[in-house]
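Below: the structure, in structure tokens.
Values below: all heavy atoms of this structure, side chains included; hydrogens, waters and symmetry mates excluded. Bear in mind that the values here come from a model prediction, so they are computed numbers and not experimental data. Convention: sequence-line order gives letters A, B, ...; per-chain numbering from 1.
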Amino acid sequence: MERTLIKDLRGKIDQTVKLQGWLQTLRDQKKMQFLILRDPTGLVQVAHWKPNDEILASNIASLGAETALTIIGKVIDNPVVKLNQLEVQLESLVVENLAESPLPFDPFAETLPALDYRLDWRYMDLRRAYNYLLFQVQTTMEMAMREYWLKHDFIEIHSPKLMGTPSESGAELFSLDYFERKAYLAQSPQFYKQMAMAAGFERIFEIGPVFRADPSFTARHMTEFTGVDLEISWIDSHEDVMAFEENWLQYVYARVKELHGEAIKETFGVELVVPQVPFPRIPMRDAVEILKSRGYVLPADKKGDIDPGGEREIASYVKEIYDHDFVFLTDWPIGVRPFYHMRLAGDETLTRSFDLIANGLEITTGAQREHRPEILAKQALEKGLHLEPIQYYIDFFRYGCPPHGGFGLGLSRLLMVMLNLPNIREAVYIFRGPTRLNP
RNA sequence: GGGGGCGUGGUGUAGCGGCUAACAUGCGGCCCUGUCAAGGCCGAGAUCGCGGGUUCGAACCCCGUCGCUCCCGCCA
């Protein structure tokens, strides 16, 4: 017999069906046993008249909550039952996997354990419908991203995560033994995305792991996370990259709203707003002035940079003035940007770069890249870098590489913003942090 | 890496110098009942993170340590 999902039971009144799921609650009475069965699509009451089968009854009596069951029974329309006015009269039951009792915690209790404890028992925590929906949304997000990319002629790449030389600064880098030498875990696919531009791929994306040996303990950092990266050729400036990103994100939001808007409202209490394009753009120079005018005091050593508090302040300014949840902060000073960001024509102290702030959280950094090898090398030297380890990268641009740019976006950060989650550890399947390597 | 906060039965909390450590939930037993956030009674379960100190007396005060957490730095 084929399995029936709980959501489809209404259409199977008076038929015998097979259900598979978890024992959410057992109410064992003198003559009757009620098993509340859960599968990913819902809950249903299974009723057993004990005198029918006393052996089965005593079997059921011993079942712990969360036991995995296969149940066969007849679907009955019963207005008395509060749970969807529906019940299944039990005919037979197979215990697929008994749940030990007591459970480490009850995922369906009124008060949940602290997040850190729940992460210890992540597979129990993930049984909550809340988490199921969360990852359905993430799946749709990624699907929508890909739909949009494929419509726009993108190619997917998978760049290596084992590196022989540190890309960029060398800080925040995990190193490991690699036979007789040292290897590093990629803290960005940056160089390889650009290599694809040199390869003539023109438009590429990658969704893959990123590693940062960054000992930060915040609600928005992880040492391993999923990066969403893209790179496009033949751009005129970073404006082209921003224009692409906002349209792409608008599409992603629209798709998520289309498929999960109702469920998100119900479960997360969030009315998903598909963002209007274009997103507001504020050059950093103006952003600093805006903060000043609002009385926000930036730390003295910031030199054109903005701290997270300032980012939140700008976000609320944008909300007030533009009624928008997103804002591009553009034209960052060279001091706070990597050497490969192209400089702004007319002001060599600024870069053709941007961050995307969503509800006050930084979710993206992007830029037009410097594709002229001499200038790139010069900028690297200015930053105090040695050319030798990055020479292979500079060489990408020696044999005909189009002007290009792109961005990187944190998948979990986007999910966090979209569902208004307080902590990124809830927005990721398995969290990795400085003191968290298990499970 | 810097600063603040918190560690009490399985879990969530209360107690903050005199406790035989309280409550809820979960767990075990019994009773009642077509139950449905079920109800009632009984019971097991914590040397109050760990180490040291102050005190007649420490879960409570002090120091150290470990863990967690939040903020800052840094970032996606």
U35(B) base / Q45(A) side chain donor-acceptor hit below 3.5 Å: yes
Set out, line by line, the N/O atom pairs under 3.5 Å between protein and nucleotides 8-10 of chain B.
residue, atom, partner, partner atom, Å
G10(B), O2', P104(A), O, 3.3

Under-3.5 Å donor-acceptor pair between R413(A) side chain and C75(B) base: yes
Sequence neighbours excluded - side-chain hydrogen bond (donor to acceptor under 3.5 Å, both in side chains) pairs with any residue from residues 104-115 of chain A: none
Sugar-phosphate only, base, or nothing, as touched by T365(A) at under 4.0 Å among non-hydrogen atoms: sugar-phosphate
Separation of the C1' atoms in U25(B) and G17(B), to the nearest angstrom: 31 Å
Touch class at under 4.0 angstrom, heavy-atom based, for E110(A) against every strand present: base
Whole-angstrom distance between G4(B) and U47(B), as gauged at atom P: 31 Å
Sugar-phosphate, base or nothing in reach of L112(A), heavy atoms under 4.0 Å: sugar-phosphate
Touch class at under 4.0 angstrom, heavy-atom based, for G408(A) against every strand present: sugar-phosphate
All stems with RNA chain B, defined as three or more consecutive Watson-Crick or G-U pairs under 3.5 Å: B:1-7 with B:66-72, B:10-13 with B:22-25, B:27-31 with B:39-43, B:49-53 with B:61-65
Counterpart residues, side chain to side chain contact (heavy atoms under 4.5 Å, CB included), relative to T139(A) (two or more places apart): none
Note: E382(A)-R343(A) ion pair, threshold 4.0 Å (strictly below): yes
Aromatic ring proximity, centroids under 6.0 angstrom, F407(A) and F205(A): no
Sugar-phosphate only, base, or nothing, as touched by D229(A) at under 4.0 Å among non-hydrogen atoms: nothing
Touch class at under 4.0 angstrom, heavy-atom based, for R312(A) against every strand present: sugar-phosphate
P-based separation of G1(B) from A44(B) [nearest Å]: 47 Å
Sugar-phosphate, base or nothing in reach of P113(A), heavy atoms under 4.0 Å: sugar-phosphate
Which nucleotide in A76(B), C75(B), U35(B) has an atom nearest any side-chain atom of P308(A): C75(B)
Touch class at under 4.0 angstrom, heavy-atom based, for A114(A) against every strand present: sugar-phosphate
Touch class at under 4.0 angstrom, heavy-atom based, for E87(A) against every strand present: base
Touch class at under 4.0 angstrom, heavy-atom based, for R425(A) against every strand present: sugar-phosphate
Those residues of residues 52-80 of chain A lying under 4.0 Å from RNA chain B by at least one heavy atom: N78(A), V80(A)
Touch class at under 4.0 angstrom, heavy-atom based, for V81(A) against every strand present: base
Pairs flagged by side-chain hydrogen bond (donor to acceptor under 3.5 Å, both in side chains) wherever residues 426-439 of chain A is involved - sequence neighbours left out: D116(A)-R436(A), D120(A)-R436(A), Y130(A)-E426(A)
U13(B) to G57(B) separation - C1' atoms, rounded to the nearest Å: 27 Å
F328(A) side chain near E246(A) side chain, heavy-atom distance below 4.5 Å: yes
Sugar-phosphate, base or nothing in reach of S412(A), heavy atoms under 4.0 Å: nothing
From C74(B), A76(B), G12(B), nucleotide with atom closest to T111(A) side chain: G12(B)
